[in-house]
Amino acid sequence: MPTFDYHAPTSKAEALELLGKYGDEAHLIAGGTSVVLMMQQRLLQPAHVVGLRGVSELRGIKRTADGGLEIGALTSHRELETSADVKAYCPALAETFGHVATIRIRNQGTVGGNLVHADPAQDPPPTLMALNGSVVIEGASGSREVSLDDFFLDYFETAVQEGEILTTIKLPPQHTKLKTAYLKFLPRTVDDYATVAVAVSLLADDAGVCKSVRIGLGSAGVTPLRARKVEAALLGQKLTAAVIKDASELVVDEVDPLDDTRGSADYKRKMARVWTDRALRQVALGEVRGTPTRQIGASGSARVVLA
Amino acid sequence: MSTHRLRFQLNGEPREVDVPAERLLIDLLRRDLSLTGTKETCSVGVCGACSVLVDGALVSACLMPAVFIDGASVTTVEGLSEEGGPLSPVQDAFIRNGGFQCGICTPGQVIAATALLAENPKPSADEIRHWMMGNLCRCTGYYKIVESVQAAAEASN
């Protein structure tokens, strides 16, 4: 590990002061699961590390008066996975956090750290985007709210600027008939990053006509993505298997995946189509396809591992 | 490079140590405190050999800065039973059911299983597999590990 000075503020104000004092020589650490690895690999060599662990005002989950959800950035994946408030808000969201790596990482890693790390292969971003989430970013000069649609700028780059802290994740109230799913295609092991991951939130009327739809994709480009062309093709349509199949074809031109050990870019592009189709059929038509070895909860979010 | 005085509980005993900021918990345990029961193999939080409990939560000691445990309670495999005393139900079950072969992953397996049973005293086989899937074993094929955890659950109830 490179050497550094460690600072342990106990308030947000104190943390911001330290960031202001040390400028680009400072780096925040929350749960540490990503920052420690990046320091060990010398990808990060900050002279000052500011640990947020003692800043209790950044923790916690609460339902808002209007039925939305506010999550403190320092809340662990495990807390979100097991929270009754999160399950009541959207079961697929709790399940998404349950898909993150292993129990150890979920105990240690935080949702805010996950978002600012901006690895496009991580689980929470697609579902948070499908639920129209936003984040509050605070700095010395005040705070601003940024939609997750605009938050991820590039590979490991976000809208958080030097001297700023992502403090809160905000999710709006959802329609009681909203259907959601998060599907993660795992051809290797269950604790792996996805080859491609798809989150869908969909609202259809009683006649099966799509009233609103948001699709988030993970491992499909240099950032988590929205499948906007697919969404546009579904809106206002009566959702049949044929309509979903045709719309899902459009995702091929929206993704720009990277070659890695989880598949070639070409393979991932094709799998994005297959898994977008499956996720949509699941929420719209109640079909669960593939060979799910694990089926968690009523909303049908599935880990799928090919043997 | 700053140095930090940590005060924490280690296997039930109060400890006070000075560490440089960049010290990892795995190195504090193994090098500074000579508690070599906790193993380090992958060093990237994947294999589970360095599993320890921090305030009861299962974590990877290889990914955790030592400064994080200031004020916390840490349990390692050495803390599961008294030296010379009876083994914990999980330790005993791993021995009786052949839950290990070479043994390198075993401290992590035993710690992970202990954390599982503390949270869920009667896990199903599927819940055991789901919880333990981050603790890799290259010898047993996992069947004996799952059986060991089931036996420990039965012995504890």
Side-chain angles (χ1 to χ4, degrees), chain A residues 1-8 10 27 29-42 44-54 74 76-79 81-82 95 98-110 113 186 188-193 293-296 303 305, chain B residues 1-6 19-28 40 42-72 108 111-113 115-116 118-120 123-124 126-136:
Chain A
M1 286 275 278
T3 61
F4 53 82
D5 285 346
Y6 182 73
H7 307 270
T10 54
H27 201 281
I29 189 168
T33 52
S34 299
V35 169
V36 166
L37 285 180
M38 293 184 87
M39 289 198 294
Q40 283 184 319
Q41 293 164 357
R42 302 294 198 272
L44 271 180
Q45 299 191 56
H48 297 273
V49 173
V50 178
L52 294 175
R53 216 174 157 75
L74 225 58
S76 73
H77 300 300
R78 182 66 175 163
E79 288 169 79
E81 173 191 0
T82 56
E95 290 157 17
H99 284 300
V100 175
T102 63
I103 182 76
R104 298 187 309 277
I105 302 298
R106 297 200 294 280
N107 277 332
Q108 197 177 334
T110 68
L186 292 163
R188 305 198 316 170
T189 61
V190 184
D191 60 342
D192 199 7
Y193 284 143
T293 57
R294 172 164 299 281
Q295 191 76 40
I296 306 171
R303 277 172 202 271
V305 182
Chain B
M1 176 177 79
S2 53
T3 300
H4 301 266
R5 174 148 301 182
L6 310 181
V19 295
E22 63 277 7
R23 203 62 152 169
L24 292 172
L25 179 55
I26 185 71
D27 297 321
L28 171 67
E40 179 171 19
C42 80
S43 308
V44 291
V46 169
C47 76
C50 70
S51 297
V52 297
L53 307 181
V54 174
D55 289 333
L58 187 67
V59 299
S60 294
C62 76
L63 287 185
M64 182 165 278
V67 290
F68 280 16
I69 65 158
D70 188 31
I111 283 283
L116 168 62
E119 187 170 311
N120 180 0
S124 66
D126 194 47
E127 285 171 330
I128 294 169
R129 278 192 283 270
H130 183 50
W131 180 280
M132 303 290 290
M133 61 104 162
N135 286 80
L136 305 185

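The sequence lines fix the lettering, A, B, ..., with proteins before strands; numbering per chain opens at 1.
Contacts of B/L116 with chain A are absent, with no heavy-atom separation under 4.5 Å from either backbone or side chain. With a threshold of 4.5 angstrom between heavy atoms, B/D27 does not approach chain A through any atom at all. If you measure heavy-atom distances from B/T3 to chain A, you find no contacts under 4.5 Å at all. Contacts of A/Q40 with chain B are made by side-chain atoms alone, with heavy-atom separations under 4.5 Å and no backbone atom involved. Contact of B/V67 with chain A is made through the side chain alone, with heavy-atom distances under 4.5 Å.
Of all the listed residues (A/I103, A/I29, A/V49), the one sharing the greatest number of non-hydrogen pairs under 4.5 Å with chain B is A/I103. Each of A/V35, A/T102, A/L37 has some count of heavy-atom pairs under 4.5 Å with chain B, and the biggest count is that of A/L37.
A distance of 6.5 Å separates CG of A/D191 from CG of B/L136, quoted to the nearest 0.5 Å. Atom-to-atom distance recorded for B/I69:CD1 and A/R53:CZ is 9.5 Å, nearest 0.5 angstrom. The CG atom of B/L63 lies 5.5 Å from the CD atom of A/Q108; values are rounded to the nearest 0.5 Å.
Judged as a side-chain contact (heavy atoms from CB on, under 4.5 Å), and not counting sequence neighbours, the contacts of B/M1 are A/T3, B/P20, B/E22. Applying the side-chain contact (heavy atoms from CB on, under 4.5 Å) criterion to B/D70, with sequence neighbours excluded, gives B/L6, B/R7.
Here the closest non-hydrogen pair linking A/N107 and B/L58 is ND2-O, 2.8 Å. Contact between A/R104 and B/S51 at its shortest, heavy atoms only, is CD-OG, 3.4 Å.
Relative orientation of the B/F68 and A/Y6 rings is tilted, given thresholds of 30° and 60° on the angle between their planes.
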